[in-house]
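Only heavy atoms go into these numbers, but all of them, side chains included; no hydrogens, no water, no symmetry mates. As the structure is a computational prediction, the values presented were derived from the model and not from experiment. Note that ligands are numbered from 1 as they come in the structure, with each ligand's atoms numbered from 1 the same way.
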Amino acid sequence: VTVLLTGFEPFGGETSNPSWDAVQLVAEHWDRPEELVTAELPVVFGEAERMLRALIAEHEPHLVLCVGQAGGNADLRLERVAVNLADARIPDNSGAHPMDEALDPHGPAAYLSELPLKAALARLTDAGIPASVSLSAGTFVCNAVLYALLASGVRGGFVHVPYAPGQIAAADAPTMEVAQTARGIRVALDTYAGRISRVGTYEASLD
Ligand code: PCA
C-alpha cells in the first residue's frame with residue numbers, strides 16, 4: 001500500500017516553501033507500514049497537475065495528500081473544496097497569470113474531498129496543533145492540483161500550511177515551525193491512512 005505525499009517548490013520571491021520542508025521531515029521520520037512516496041511539485045499551472053497525474057499513474061497510491069503554503073494563515077487548513085477556476089493574483093513560476101479561466105471547461109464546478117477531515121481536525125486539536133477545515137483552497141496552483149487530484153478519483157486531499165519563521169513574507173504574517181507543520185501533516189496522514197486496511201480497501205469514513 002502506497003501513500004503519495006507532495007509539497008511545492010518556492011514561489012512568490014521566497015527561497016523556501018514550508019510545504020516541501022515539512023514533507024521531507026515527515027519522510028525522514030516515516031515509520032508507518034505503507035510505502036511513502038514524496039515529490040516536490042512545480043508552482044506552474046498545468047505542469048503541477050501533469051506531474052501529479054504521472055505520479056499517480058506510476059505509483060498507484062491508495063492515498064494522496066498534497067501540501068502547499070498559504071501565507072497569512074496561522075493554522076493548518078484541511079481543504080474540503082477544489083473549484084474549477086484558475087484566477088491568479090501573482091504569476092506562477094513560469095510567468096503564466098491565468099485569470100477567470102476554467103481549469104477544465106468540461107469539468108464540474110467543484111469537487112469535495114472525501115477524506116475524514118473532521119476526524120483529522122479533532123486529532124490535531126487534541127495534539128495542540130492549530131488547524132481548521134477550510135472551504136477554499138484559493139484559485140492558484142494549489143487549488144488546480146487539488147482539482148486534478150479529486151478528478152482522478154483517487155482518495156486524497158490537501159493541507160495548506162502557514163509560512164515558516166525566516167521566510168521573507170513571514171516578517172508581517174503568522175508562522176508555524178516546520179517541525180510543528182510536519183507533526184500536523186503526520187497526524188492528518190495517520191487519520192487518513194489509518195483507514196486503509198491491509199488489503200488496500202477502505203473502511204467507511206466515520207465523520
Ligand atoms: N501554495 C500556492 C501554490 C504553491 C503553494 O505552496 C497555492 O496556495 O496555490
Side-chain angles (χ1 to χ4, degrees), residues 4-27 38-55 64-104 107 110-111 113 115 117 130-151 156-170 172-178 180-182 184-185 188-189:
L4 173 62
L5 178 64
T6 70
F8 278 98
E9 67 181 3
F11 69 103
E14 298 286 345
T15 56
S16 64
N17 187 321
S19 67
W20 178 235
D21 294 342
V23 161
Q24 288 176 288
L25 210 47
V26 170
T38 61
E40 183 185 28
L41 301 181
V43 182
V44 176
F45 279 104
E47 250 181 64
E49 300 96 299
R50 268 194 296 280
M51 185 166 166
L52 181 75
R53 280 191 287 262
L55 287 162
V64 180
L65 189 64
C66 298
V67 185
Q69 165 196 300
N73 297 303
D75 62 354
L76 300 182
R77 297 168 69 84
L78 312 175
E79 300 296 350
R80 175 164 246 176
V81 186
V83 293
N84 190 1
L85 180 65
D87 193 41
R89 185 177 49 81
I90 57 171
D92 72 11
N93 283 355
S94 77
H97 198 162
M99 278 157 76
D100 302 320
E101 280 179 26
L103 290 167
D104 176 358
Y111 286 105
S113 175
L115 294 178
L117 304 181
S132 57
V133 171
S134 162
L135 294 175
S136 174
T139 53
F140 196 47
V141 179
C142 290
N143 171 72
V145 162
L146 180 57
Y147 190 89
L149 170 57
L150 298 178
F158 199 101
V159 181
H160 259 128
V161 308
Y163 288 128
Q167 285 187 262
I168 298 159
D172 315 304
T175 60
M176 186 180 283
E177 295 286 346
V178 171
Q180 174 90 322
T181 300
I185 293 167
L189 276 175

Asp87 backbone acceptor or donor facing Glu101 side chain under 3.5 Å: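 Here the side-chain-to-backbone pair does not exist.
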- request: Keeping the roles fixed (side chain from Asp104, backbone from Tyr147), state whether a donor-acceptor pair exists under 3.5 Å.
  value: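 No; zero donor-acceptor contacts below 3.5 Å.
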If you count the atoms of ligand 1 from 1 in the order shown, which ones are under 4.0 Å from a heavy atom of [X]?
X: Phe140; value: 2 (C), 3 (C), 7 (C), 9 (O)
X: Val141; value: 9 (O)
X: Gly68; value: 6 (O)
X: Asn17; value: 5 (C), 6 (O)

task: Give me the one residue out of Thr6, Val145, Val44, Leu41 that meets side-chain contact (heavy atoms from CB on, under 4.5 Å) with Met51.
output: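 Output: one option passes, namely Leu41.
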field: Distance from atom 7 (C) of ligand 1 to nearest protein heavy atom, with residue and atom
entry: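 Atom 7 (C) of ligand 1 sits closest to the protein heavy atom Cys142 SG, 2.7 Å.
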query: Looking only at protein heavy atoms, which one is nearest to atom 1 (N) of ligand 1, and how far off is it?
result: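 Here the nearest protein heavy atom works out to Gln69 O, 2.8 Å.
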- prompt: Can you tell which part of Phe8 has a heavy atom less than 4.0 Å from ligand 1: side chain, backbone, both or neither?
  reply: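 For Phe8, the contact with ligand 1 is made by the side chain alone.
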field: For Pro42 against Ala48, the heavy-atom pair lying closest together
entry: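 Looking at all heavy atoms of both residues, the closest pair is O-CB, 3.2 Å.
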message: Does the residue His160 have a heavy-atom contact with ligand 1, meaning some pair of atoms that are separated by less than 4.0 Å?
response: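 The answer is yes, since His160 has a heavy atom less than 4.0 Å from ligand 1.
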- request: Measure the spacing between CG of Leu103 and CG of Asn143 and express it to the nearest 0.5 Å.
  value: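 Between Leu103 CG and Asn143 CG, I get 6.0 Å after rounding to 0.5 Å.
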Aromatic ring pairing Phe140/Phe11, orientation class (parallel under 30°, perpendicular over 60°, tilted between):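 Tilted, since the angle between the ring planes falls between 30° and 60°.
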